[in-house]
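Labels below follow one simple rule: chain letters A, B, ... track the order of the sequence lines, proteins then strands, and each chain is numbered from 1.
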Amino acid sequence: MPELPEVETVRRGLVEHVVQRRIDSVELGRERAYRRVGADRLIAGLVGSTVVSVDRRGKYLLFALDSTETLMVHLRMSGQLLVHDATTPRPAHTHVVLNFANQVEVRFVDPRTFGEVVVFGPDDAESVVPELARLGPDPLVDTFDEMVLRRSLVRTRRALKAVLLDQSVIAGIGNIYGDEILHRARLNPLRPANRVNREQTRRLVRAVVDVLNEAVSAGGSTLRDAQYVDPQGRAGSFQERHRVYGRTGQSCVTCDRGRIKSASIGGRTSHWCAVCQR
DNA sequence: ACGCCCGCCTGTAAGC
DNA sequence: TGCTTACAGGCGGGCG
């Protein structure tokens, strides 16, 4: 579910509750949620440590600890991080609870348990979280311009939509924002990446940065199932500004002539206007 | 090397 | 109403 704007909203919602605070204890539920490191390593890495900062790279949340270790959380499809008072009943599928002072709990909740909680240190980062090293630039954190994007586009004839979803090209874009970005850039999701010219590449860079920033400002997108909420349980509002995602069959709100088409591209349902996206 | 497809899980909605 | 099926925001592994 959560893509860059949702993860960034979660990050911002956590900062005031956890930075400069110590993890007094950890409670663990379903093992699959911390399958990568196991209970002993997770507890040893977290208990007694103080959170120094909460950072984000693409869809990965990274809590820097004063021990020099890092807590990584990935929400994947259905994960949530919620800040609750200890007296609030725990939602179903609460798999990891971090207990801070003053009854503050950070709860990792995930019905599908695709998401996970991981701890690693400087010495085992490479072996435990190799995917972090493979991440491409985060458009809101790293240098991301026409030169950077062009280098990735020219080397492949994959569909543009598939390239936008490739986390080694750009970190943070998922299915919803991939569709919205291509619509903003007026580019067809099926267009081979190596057939995008310089002017179109500039448009695409701008669309990536603008759509993601606007979505962050709106607190992300919360769809009908209300799966995504921020750590305080609040929904986002960017879904009200979606122009193609989930609008199959409706007329295009931009050009008013095309109808929104949908089809599977690279195994993901994509939405676009065949009139304004070339 | 690249590109595609499947599996991982559960919940929800749609179809019969 | 109740059962079955399809589908969902992501990602890694394995295959051709």
What is the distance from CZ of Arg76(A) to C1' of dT10(B), rounded to the nearest Å? 15 Å
To the nearest angstrom, how far is Gln227(A) atom CD from dT10(B) atom C1'? 9 Å
Under 4.0 Å between a side-chain nitrogen and a carboxylate oxygen: does that hold for Arg206(A) and Glu199(A)? no
Arg11(A) and Asp55(A) ion-paired at < 4.0 Å: no
Do any side-chain nitrogens or oxygens of Thr113(A) fall under 4.0 Å of OP1 or OP2 in dT10(B)? no
It should be established whether His93(A) places a side-chain nitrogen or oxygen under 4.0 Å from OP1 or OP2 of nucleotide dT10(B). no
dC9(B) phosphate, OP1 or OP2: any side-chain N/O from Arg32(A) under 4.0 angstrom? yes
Can you check the Leu165(A) CG to dG10(C) P distance for me, whole Å? 7 Å
Strictly below 4.0 Å, heavy-atom distances to any atom of DNA chain C: list the hits from residues 265-274 of chain A, or just say none. Arg268(A), Thr269(A)
Check the phosphate of dC11(C) against Gln167(A), side-chain N and O only, distance under 4.0 Å to OP1 or OP2. Yes or no? yes
Taking CD1 from Ile176(A) and P from dG10(C), how many angstroms apart are they, rounded to a whole number? 7 Å
What would the secondary structure line of DNA chain C be in dot-bracket form, counting Watson-Crick and G-U wobble pairs under 3.5 Å, with [ ] for pairs that cross earlier ones and | for pairs with another strand? .|||||||.|||||||
Minimum heavy-atom separation for Glu69(A) to Gly45(A), with atom names? OE1-CA, 3.4 Å
Whole-Å distance separating the CG atom of Leu164(A) from the C1' atom of dG3(B): 16 Å
For residues 264-275 of chain A, dump all side-chain donor-acceptor pairs below 3.5 Å to protein atoms at least two apart in sequence or in another chain.
unit_1: Ser270(A); atom_1: OG; unit_2: Lys161(A); atom_2: NZ; d: 2.8
unit_1: Ser270(A); atom_1: OG; unit_2: Arg268(A); atom_2: O; d: 3.3
unit_1: His271(A); atom_1: ND1; unit_2: Asp179(A); atom_2: OD2; d: 2.8

On the nucleotide dG3(B), are OP1 or OP2 found under 4.0 Å from the side-chain N or O atoms that Arg158(A) carries? yes
Is Arg35(A) touching bases, backbone alone, or none of the nucleic acid, heavy atoms closer than 4.0 Å? nothing
